[in-house]
Structures are given as C-alpha cells and as structure tokens.
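The structure under discussion appears below in the form of structure tokens.
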Amino acid sequence: FEMITGVEVVVDDTPGMVMLSGFDPLRREVAKNTLDKLVVDGRIHPGRIEEVYEKVLQDVDEMIRESGSKAAFDLGIHDMAETLLELLGKLRFHTSYGQNLLAHSKEVGLLAGMMAESLELDITLARRAGLLHDIGKALGSEQGNDPTQSGAALARMWGEVGDVVRVIEALSNGARTRAAVGA
C-alpha cells in the first residue's frame, strides 16, 4: 500500500485509528480514498490494492477537473485553458495558514471583482486574476517550485492575457516584499 500510494501508514494504539502520513496533500487524499474503499470491501491484497488505487486515481482526477471548472464557472469565467482549470482543482487539496486554497482563490476573485466594479474597471478580468493569483501553489514543491514565480509563468504559458499575468506577478512580488520586511 505504501509503495503504491507513496504515503506512510501509521497504525496507532487507539482502536480503529490509522493515520496516513505524507507531504503531498493530493497523494494523501488518494491514499485515504483507496484505504476507505479497501476497508469497506474487505479484500486487501496486492492485486486488489493496485486495482482500487487506479480507480481512485481516476475518481480524484475527475474531482479535480470538476472543482476547477466549478470555481471558474462560479466567477463567470468560461474560457480558461483546461490545464489551468485542473491546477485550480488541485488547490482543493492544499491549505495555507489553515485555509483551503481553492476557497481562498475564489474569495479573492470575488473581492477583486467587487473592487473592480466600484472602480468601474473590468470585473471579469479582475475576477480572473484574483482566481489565478495562487495558481503556482497547485504544483506544491515539485522540482523546487517557487509558487510566487511559477504562477505567472503558468498563466502566460496557458494563454492568459498580459494583464492577468502582470497581476499575478505583482501579487507575487508583493508577497516577497512583505516577507522580506517581516510584515
């Protein structure tokens, strides 16, 4: 199970308590769902673990696509690249300072849209930039990823307009500036 999922299983002394340990929240989610299905089924052997794991991977991939698409749809964004929608969906499994990153990104998109409306600016553009501002965090720490730099690169690569890319860069630069001054 550990080899297939990439997540460590910790059996506690507490009756009925099993913990899954790993740094990657997406792997933990897949492992949790796999273990849940295996326990319900009762047939836990190597062949069955692989079979259930593959099915759960497909289910989680579908959940990711639906989550990203729903987030964009909720903000009135209908023309985003499929890859960006999938990255948005992956934010569902990440947290920062105890807050779910997909929910946070949607809130930022909504607030940016409200501010744009008050200032008589492009509401859709503001929502789009707000929704994508943390997109680099969907990659986690893959290959030394720095989310503050990769978000704008991802947006640029997948066809976002220059204004959205510049907003993501500005937000990233602001975060680095606040971290540097200890704010």
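All heavy atoms count here, side chains included; hydrogens, waters and symmetry mates do not.
Checked for salt-bridge contact, Glu29 and Lys32 miss the test: no charged N lies under 4.0 Å from a carboxylate O. Under the 4.0 Å criterion applied to side-chain N and carboxylate O atoms, Glu51 and Arg48 are assigned as salt-bridge partners.
Closest non-hydrogen pair, Leu35 versus Val18, comes out as CD2-CG1, 4.0 Å. Residues Val10 and Ser21 come closest through the heavy atom pair CG2-CB, 4.4 Å. Taking all atoms of both residues into account, the shortest heavy-atom contact from His94 to Ala138 is NE2-O, 3.7 Å. Shown here for Ser105 and Leu91, the closest heavy-atom pair between the two residues is OG-CD1, 3.8 Å. Scanning all heavy atoms of the two residues, the minimum distance from Leu131 to Met80 falls at CD2-CE, 4.3 Å. Contact between Leu88 and Leu102 at its shortest, heavy atoms only, is O-CD1, 3.4 Å.
Judged purely by atom type and a 3.5 angstrom limit, Glu86 has no side-chain atom pairing as donor or acceptor with the backbone of Ile64. Looking only at distances, a side-chain donor or acceptor of Asn100 sits under 3.5 Å from a matching main-chain atom of Ala103.
The hydrophobic cluster containing Ile4 does not contain Met19, counting ILVMFWY residues as joined when their side-chain heavy atoms lie under 4.5 angstrom apart, directly or transitively.
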Using distance only, find each side-chain donor-acceptor pair of residues 109-124 under 3.5 Å and give its atom names and separation, not counting sequence neighbours.
residue	atom	partner	partner atom	Å
Ser118	OG	Met114	O	3.2
Asp122	OD1	Thr124	N	3.1
Asp122	OD1	Leu125	N	3.1

Side chains of residues 70-78: which donor-acceptor partners sit under 3.5 Å, not counting sequence neighbours?
residue	atom	partner	partner atom	Å
Lys70	NZ	Asp74	OD1	3.4
Lys70	NZ	Asp74	OD2	2.9
Asp74	OD2	Lys106	NZ	2.9

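At a threshold of 4.5 Å between non-hydrogen side-chain atoms, the residues Phe93 and Val30 do not count as touching.
Under the salt bridge (Lys or Arg N to Asp or Glu O under 4.0 Å) criterion, Asp79 pairs with Arg128, not counting sequence neighbours.
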Given Thr95 and Leu101, is the side-chain contact (heavy atoms from CB on, under 4.5 Å) satisfied, shown in steps? CA-CA 5 Å; Thr95 59; Leu101 282 179; 5.8 Å; no
